[in-house]
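One structure follows; several queries about it will come next.
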Amino acid sequence: MTVLDKVAPEGSKAGERVSPRPTFRHRLSRWDVKVSPYLYIAPFFIVFGIVGLFPLLYTAYVSTFKWKAGDDDPDFIGLDNYKELFADSQFWNALVNTISIFLLSSVPQLVFAVLLAALLGARLRGATGWRVGILLPYAASLVAIGIIFANLFGPKYGLVNGVLQTIGLDPIDWQANRFGSHVAIAIMVNWRWTGYNALIVLAAMQAIPKELHEAALIDGAGTWRRFFNVTLPLLKPTLIFVIITSTIGGLQIFTEPKLFDAMPGSNNGGSTNQFQTVTLYLYQTAFQNASLGYASAIAWVLFLIIILIALVNFFLTGRIARTPAVKKK
Amino acid sequence: MTTLRSDIRKTGLRKTVASLGKPRKATYVVLAIFVLGSLFPFYWSFLVASRDNAMLSERIPSFLPGGNFFANAARVFDTVPFWKALANSVIVSGTVTLTTVLFSSLAGFAFAKLRFRGNNKLFVFIVVTLAVPTQLGIIPLFIAMSELGWAGHLTAVIVPNLVTAFGVFWMRQYTVDALPYELIEAARVDGCSMIRIFWNVCMPAVRPAAAILAMFTFMMSWNDFLWPLVVLDAGNPTVQVALEKLQSGYYVDYSLVLAGTTLATIPILIVFVLLGRQIVAGIMQGAVKG
């Protein structure tokens with residue numbers, strides 16, 4: 001296939017004609033062609049081995065011990081950590097919180113991203129300026145944003161409650177109220193990611209041939225019908241891509257809930273863990289309670305949940321993505 | 001196609017078709033609202049940072065900045081080792097960006113243009129690892145870093161991020177199209193070694209993709225939080241860790257904390273405003289290719 005392979009044997013033939021033994025220089029060059037590719041891809045595999053694969057396997061190993069940080073001789077307890085975990089109401093609570101926050105963030109995010117993409121797809125004056133403006137939140141540091149939003153949603157003096165009261169509504173305790181805290185954290189996530197996703201959807205929209213829209217227009221389809229019958233079906237693969245990436249990100253949500261509650265002595269998940277997520281629980285178990293074994297069990301269960309959801313997504317993707325093609329035939 | 005065009009002419013729909021994609025006033029209004037919404041938290045953070053905490057007890061405060069920003073910023077530097085944090089973040093993000101771009105380009109070149117046993121399988125493996133959430137491995141990674149004596153040092157933040165699966169994937173996709181085999185062949189005939197072909201032929205051809213990868217990597221690394229929080233200590237933080245430490249006292253001094261967030265955000269905002277066009281193009285290109 002590659003030219004390199006063609007070049008190398010030709011060179012060797014020429015070399016053989018001149019002398020029966022390939023020159024040192026020549027052997028060096030053949031060795032170069034053979035070994036270089038492996039050298040070039042090696043850094044990734046070395047780094048992944050150290051920070052990806054090894055930790056994953058070692059986490060499984062640690063999860064079978066009652067392992068406290070600094071403990072030199074931990075006890076092997078088999079699957080007891082997992083048994084304990086499945087009976088641990090705090091874990092289930094964290095899982096429900098994670099899924100709730102994920103749904104509250106990904107569904108509106110997708111709707112707004114498609115809407116924004118439709119608007120950005122018009123022939124705007126200063127198109128790039130609008131796109132950069134929409135994308136700005138993506139540049140913000142999560143920590144900064146976590147702190148800023150915690151301030152905006154402050155229960156006593158927060159601006160959001162100030163506005164609510166000014167227009168005659170009751171203030172909401174965005175931290176103590178479980179659903180309220182989920183909404184506030186979801187708003188934070190949406191604020192950051194909607195513009196980014198809108199650009200991805202926009203790219204897909206621009207790949208739709210213009211003729212399809214022209215034809216639909218001639219058939220008398222209005223803006224909304226064209227949107228629902230032409231644009232949306234062709235966006236399906238992209239929308240699924242966005243859903244999958246936001247699922248994986250959403251299930252690992254950590255920084256936003258960690259910084260949302262700034263109360264002194266708080267355990268950063270709310271006073272009754274009303275917005276504690278799984279990754280936050282994992283972090284606290286490992287690095288605040290020093291229960292490395294138990295935290296490892298949490299990590300593995302979370303990993304399996306993510307794999308499971310990815311597989312479900314993959315399965316659904318295959319089915320949904322195939323539907324339009326089947327219809328055509 | 002031609003029939004469609006003539007249909008358009010006949011039926012007098014030409015104007016309507018020409019108006020396809022023409023924005024209405026409402027489009028600009030809605031977009032303006034979104035952009036203002038995007039900007040507002042940044043402005044709010046600056047607003048609080050430029051005044052004092054008294055402003056926060058007003059129900060709807062004035063939206064004009066006060067004159068205390070520099071005083072509050074100075075307090076940030078007194079409270080946490082912010083200069084050190086900035087320097088650390090620059091070192092970490094700079095190193096990680098350089099190595100990620102270099103190693104990703106090398107691997108991308110190999111996967112895109114060189115033939116070797118296992119090429120496709122190894123590449124598929126890399127794509128699959130994109131789905132493995134690395135943060136789930138923080139516990140053994142932390143144990144390993146402690147054993148190595150790296151905990152608390154920047155090495156512990158840099159080494160795990162030397163190269164990413166995304167980077168390799170990104171550079172490979174770009175190199176496939178951007179680098180013609182003829183160029184490599186010509187260089188081979190001239191007697192170039194592989195590494196010289198990479199450096200003198202491949203790199204110039206893939207520079208645009210490498211630049212985008214560099215920007216993304218820098219932003220990600222600058223904003224990374226969980227792992228630096230786990231592995232670094234308060235005396236030797238990155239900017240994000242320093243921000244968290246600012247906030248976690250017994251009494252939250254918002255003018256102080258938000259002065260810190262403003263300071264930490266300014267560098268990345270400058271990068272973003274200068275290179276916004278390329279970043280937008282990069283995201284959209286990645287979406288079509290991915």
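Heavy atoms only: backbone and side chains are in, while hydrogens, waters and symmetry mates are out. In what follows, chains are A, B, ... by sequence order, proteins preceding strands, each numbered from 1.
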**Q.** Atom group of A/Ala139 that falls short of 4.5 Å from chain B, counting heavy atoms
**A.** both
Q) Pick from A/Ala140, A/Ser36, A/Ser296: which one has the most heavy-atom pairs with chain B under 4.5 Å? A) A/Ala140
Q: Tell me, out of B/Val30, B/Val230, B/Val168, B/Leu269, who's got the most heavy-atom pairs with chain A below 4.5 Å.
A: B/Val230
Q. Under a 4.5 Å heavy-atom cutoff, which of B/Ile126, B/Leu39, B/Leu162 has the most pairs with chain A?
A. B/Ile126
(Q) Tell me if the CE atom of B/Met215 is crowded by more than 12 foreign heavy atoms within 6.0 Å. (A) yes
(Q) Within the 4.5 Å heavy-atom criterion, are B/Met284 and A/Ile200 side-chain neighbours or not? (A) no
Q. Between B/Ser104, B/Ala110, B/Pro41, which has the largest tally of heavy atom pairs under 4.5 Å with chain A?
A. B/Pro41
**Q.** Trace of the side chain to side chain contact (heavy atoms under 4.5 Å, CB included) decision for B/Phe123 with A/Ile41
**A.** CA-CA 10 Å; B/Phe123 184 67; A/Ile41 64 171; over 6 Å; no
Q. Picking from A/Leu202, A/Ile147, A/Leu292, which has the most non-hydrogen pairs under 4.5 angstrom with chain B?
A. A/Ile147
Q) Between B/Ser193, B/Gly191, B/Ala165, which has the largest tally of heavy atom pairs under 4.5 Å with chain A? A) B/Ala165
Q: Specify which of A/Phe54, A/Tyr283, A/Tyr61 makes the most heavy-atom pairs with chain B at under 4.5 Å.
A: A/Tyr283
(Q) As an exercise, state the distance from CE of B/Met145 to CD1 of A/Ile50, rounded to the nearest 0.5 Å. (A) 8.0 Å
Q) Say you draw a straight line from CD1 of B/Ile139 to OG1 of A/Thr285; how long is it, rounded to the nearest 0.5 Å? A) 8.0 Å
Q) If you tally heavy-atom pairs under 4.5 Å against chain A, which of B/Leu122, B/Thr99, B/Val271, B/Asn119 wins? A) B/Leu122
Q) Between B/Ile143, B/Val159, B/Val163, which has the largest tally of heavy atom pairs under 4.5 Å with chain A? A) B/Val163
Q | Atom pair OG1 (B/Thr164) and CZ (A/Phe48), whose distance is rounded to the nearest 0.5 Å | A | 12.5 Å
(Q) Please confirm whether the ring centroid of A/Phe287 lies under 6.0 Å from the ring centroid of B/Phe142. (A) yes
Q: Among the options A/Arg131, A/Lys34, A/Gln206, pick out the one with the most heavy-atom pairs lying under 4.5 Å from chain B.
A: A/Arg131
Q: Evaluate the side chain to side chain contact (heavy atoms under 4.5 Å, CB included) criterion for residues A/Leu135 and B/Val280: first the C-alpha distance (whole Å), next the side-chain angles of each, then the deciding distance (0.1 Å), finally the verdict.
A: CA-CA 8 Å; A/Leu135 190 63; B/Val280 166; 4.0 Å; yes
Q: Under 4.5 Å, counting heavy-atom pairs only, tell me which of A/Leu57, A/Thr194, A/Leu116 racks up the most with chain B.
A: A/Leu116
**Q.** Best-contacting candidate, A/Leu251, A/Leu152, A/Val242, against chain B by heavy atom pairs under 4.5 angstrom
**A.** A/Leu152
**Q.** Which atoms of A/Tyr196 approach chain B - backbone, side chain, both or neither, heavy atom under 4.5 Å
**A.** both
(Q) Rounded to the nearest 0.5 Å, what separates atom CZ in B/Arg188 from atom OG in A/Ser29? (A) 4.0 Å
Q. Is chain A contacted by the side chain of B/Ala144, its backbone, both, or neither, given a heavy-atom distance below 4.5 Å?
A. side chain
Q: Compare all side-chain heavy atoms of B/Leu31 with those of A/Ile134 and state whether any distance is below 4.5 angstrom.
A: yes
(Q) Can you tell me how far apart CG (B/Leu226) and NZ (A/Lys258) are? Round to the nearest 0.5 Å. (A) 9.5 Å
(Q) Please determine whether the number of non-hydrogen atoms from other residues, nucleotides or ligands lying under 6.0 Å from atom OH of A/Tyr38 exceeds 12. (A) yes
(Q) Within this structure, what is the CG-CZ distance for the pair A/Leu120 and B/Phe34, rounded to the nearest 0.5 Å? (A) 9.5 Å
**Q.** Ring centroid separation B/Phe103 to A/Phe44 under 6.0 Å
**A.** no
**Q.** Polar side-chain atom of A/Trp191 near backbone of B/Gly37 as donor-acceptor pair, under 3.5 Å
**A.** yes
(Q) Donor-acceptor check, side chain of B/Asn223 to backbone of A/Leu142, threshold 3.5 angstrom: yes or no? (A) no
